[in-house]
Amino acid sequence: MARAIRVILLGPPGAGKGTQGKLLQEQFGVCQISTGDILRKAVAEQTPLGREASQYIQRGALVPDSVIVNLVAERLKDKDCEKGFILDGFPRTIPQAESLEVILKTRNLALDGVLSLRLPHNVIVERLAGRRTCKNCGALKHVAFDPPTKQGICDRCGGELYQREDDREETIATRLKVYDTQTAPLEDFYRERGLLREIDGVGKVEDIRNRIDQVIGDRGQ
Ligand code: AP5
């Protein structure tokens, strides 16, 4: 049986958090909570959350902490998170990280580690500009590094692949700035707690997967 893990995937836009998060989810059978995916679904469905979030996402800014913290706190109560979780895109600010500490403490849970994917800005821009996401199942592809068999069609489910609105050049620049000012300080936050594990995020998906394996131990068998 796969063992439980509770980890945070930290890293700039396009670092590969979603890609590696999905692999870890399959491997360990725990839930992957991508706040970005949850927000984009809400935007597509035009829920009150989606209407509020879309104005921030479109310009590359962060959605207010209170909105995000409530959303994650609720999601963590779901049955598929009982065995553990991969947090992808949360926390993203010091107040979010402090709130997460309270949530976990209340439930007597501890983090196994914070995996910080590191890579230079030029690689990030290349990855984001070529990213395509499935509208139906959320699978991630890349026009150059992992192209679909049929252009514009998801290999996994046959759904339509689309380019995210916030992957435009000017919005990418804002997101990178927001990351440097508001999210990068989390590295020190978790370093001080002995939880930070730095991972070289440059290379093939499988290479990075192996680096993560070395850091988190066995393959969960
Ligand atoms: P979110 O969806 O979380 O975006 P992000 O953090 O900017 O990260 P991305 O999804 O862009 O990248 P990723 O690291 O997952 O990379 P991926 O695996 O896709 O957030 C979007 C917005 O929502 C935010 O701007 C904000 O407004 C809001 N939001 C979300 N969470 C929030 C929070 N906590 N607080 C406040 N606001 C919040 O990879 C990218 C591409 O590269 C893909 O095409 C992939 O196929 C390819 N790729 C991946 N790995 C490799 C590799 N090793 N080699 C080659 N290609 C690769």
Side-chain angles (χ1 to χ4, degrees), residues 8-25 32-44 49-50 52-73 75 86-97 99-100 115-119 121-134 138-148 154-156 161-168 171-184 186 199-212:
I8 292 172
L9 284 171
L10 191 65
K17 304 182 294 296
T19 303
Q20 297 297 332
K22 283 176 174 55
L23 294 174
L24 287 168
Q25 175 192 27
Q32 178 207 10
I33 302 181
S34 159
T35 41
D37 284 351
I38 296 172
L39 293 171
R40 276 185 292 280
K41 184 165 183 280
V43 171
L49 167 67
E52 182 180 359
S54 76
Q55 51 183 312
Y56 298 99
I57 296 174
Q58 267 176 17
R59 59 174 208 270
L62 294 182
V63 174
D65 290 335
S66 57
V67 175
I68 296 288
V69 168
N70 288 335
L71 190 152
V72 174
R75 179 69 180 90
I86 317 287
L87 292 177
D88 158 9
F90 175 90
R92 234 163 161 116
T93 62
I94 299 285
Q96 289 183 19
S99 297
L100 178 64
L115 311 176
S116 178
L117 295 169
R118 320 203 64 173
L119 63 176
H121 279 195
N122 63 317
V123 179
I124 291 172
V125 174
E126 209 179 7
R127 287 199 188 164
L128 291 178
R131 171 168 53 194
R132 298 294 180 271
T133 309
C134 176
L140 294 168
K141 301 298 280 183
H142 191 282
V143 291
F145 307 131
D146 182 21
C154 175
D155 288 332
R156 195 201 286 170
L161 296 174
Y162 80 107
Q163 181 166 29
R164 272 170 48 177
E165 215 183 315
D166 60 348
D167 281 347
R168 283 171 296 142
T171 318
I172 291 173
T174 307
R175 287 164 63 201
L176 288 173
K177 224 176 271 170
V178 167
Y179 182 82
D180 288 342
T181 54
Q182 300 195 55
T183 307
L186 288 178
I199 314 253
D200 177 5
V202 180
K204 291 189 185 133
V205 171
E206 189 53 29
D207 295 339
I208 295 155
R209 179 71 203 85
N210 288 334
R211 285 173 207 150
I212 291 178

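Both counts, for ligands and for their atoms, begin at 1 and track the order of listing. Position 1 is the first residue of the sequence, and the numbers go up from there. Since the model is a prediction, treat every value here as computed from it, not as a measurement.
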Review point. Is there at least one pair of N or O atoms, one from Ser34 and one from ligand 1, spaced under 3.5 Å apart?
Key: no

Check your understanding: Just heavy atoms, cut-off under 4.0 Å: does Asp166 contact ligand 1 by side chain, backbone, both, or neither?
Key -> side chain

Review point. Mind checking whether Gly16 has an N or O less than 3.5 Å away from an N or O of ligand 1?
Key: yes

Review point. Quick one: does ligand 1 sit under 4.0 Å from the side chain of Ala61, the backbone, both or neither, non-hydrogen atoms only?
Key: backbone

Review point. Are Asp88 and Lys22 ion-paired here, with the side-chain N under 4.0 Å from a carboxylate O?
Key: no

Review point. With the threshold set at 4.0 Å, does a side-chain nitrogen-carboxylate oxygen contact exist between Lys177 and Asp180?
Key: no

Point to revise | Selection from Pro95, Gly203, Gly89 by shortest heavy-atom distance to atom 34 (N) of ligand 1 | key: Gly89

**Study point:** Residue portion contacting ligand 1 (non-hydrogen atoms closer than 4.0 Å) for Val63
**Key:** both

**Study point:** Contact (N/O only, under 3.5 Å) between Leu140 and ligand 1
**Key:** no

**Study point:** Shortest heavy-atom approach to atom 21 (C) of ligand 1 - which of Arg127, Lys22, His142, Arg40
**Key:** Arg40

Review point. For ligand 1, is there an N or O atom under 3.5 Å from any N or O atom of Gln96?
Key: yes

Review point. Counting heavy atoms only, which part of Lys204 comes closer than 4.0 Å to ligand 1: side chain, backbone, both or neither?
Key: backbone

Practice item. Record the part of Gln20 in heavy-atom contact with ligand 1 below 4.0 Å; permitted values are side chain, backbone, both and neither. Key: neither

Exercise for review: Run the contact test for Gly11 against ligand 1 with a 4.0 Å cut-off on heavy atoms, strictly below, and give the result.
Suggested key: no

Review point. Applying a strict 4.0 Å limit to heavy atoms, is Thr93 in contact with ligand 1?
Key: no

Check your understanding: So is there a nitrogen or oxygen of Lys17 less than 3.5 Å from a nitrogen or oxygen in ligand 1?
Key -> yes

Check your understanding: What part of Leu62, side chain from CB on, backbone N/CA/C/O, both or neither, has a heavy atom under 4.0 Å from ligand 1?
Key -> both

Exercise for review: May I ask which of Arg131, Gln163, Arg92, Gln55 has a heavy atom nearer to atom 30 (C) of ligand 1 than the others do?
Suggested key: Arg92

Practice item. For ligand 1, indicate whether the residue Thr133 contacts it via side chain, backbone, both or neither (heavy-atom separation under 4.0 Å). Key: neither

Review point. Short N/O distance, under 3.5 Å, between Gly201 and ligand 1?
Key: no

Study note, to complete from the structure: Counting heavy atoms under 4.0 Å, the part of Asp65 that contacts ligand 1 is neither

Review point. Does any N or O in the side chain of Arg175 come within less than 3.5 Å of the main-chain N or O of Asp166, such that one atom is a donor and the other an acceptor?
Key: yes

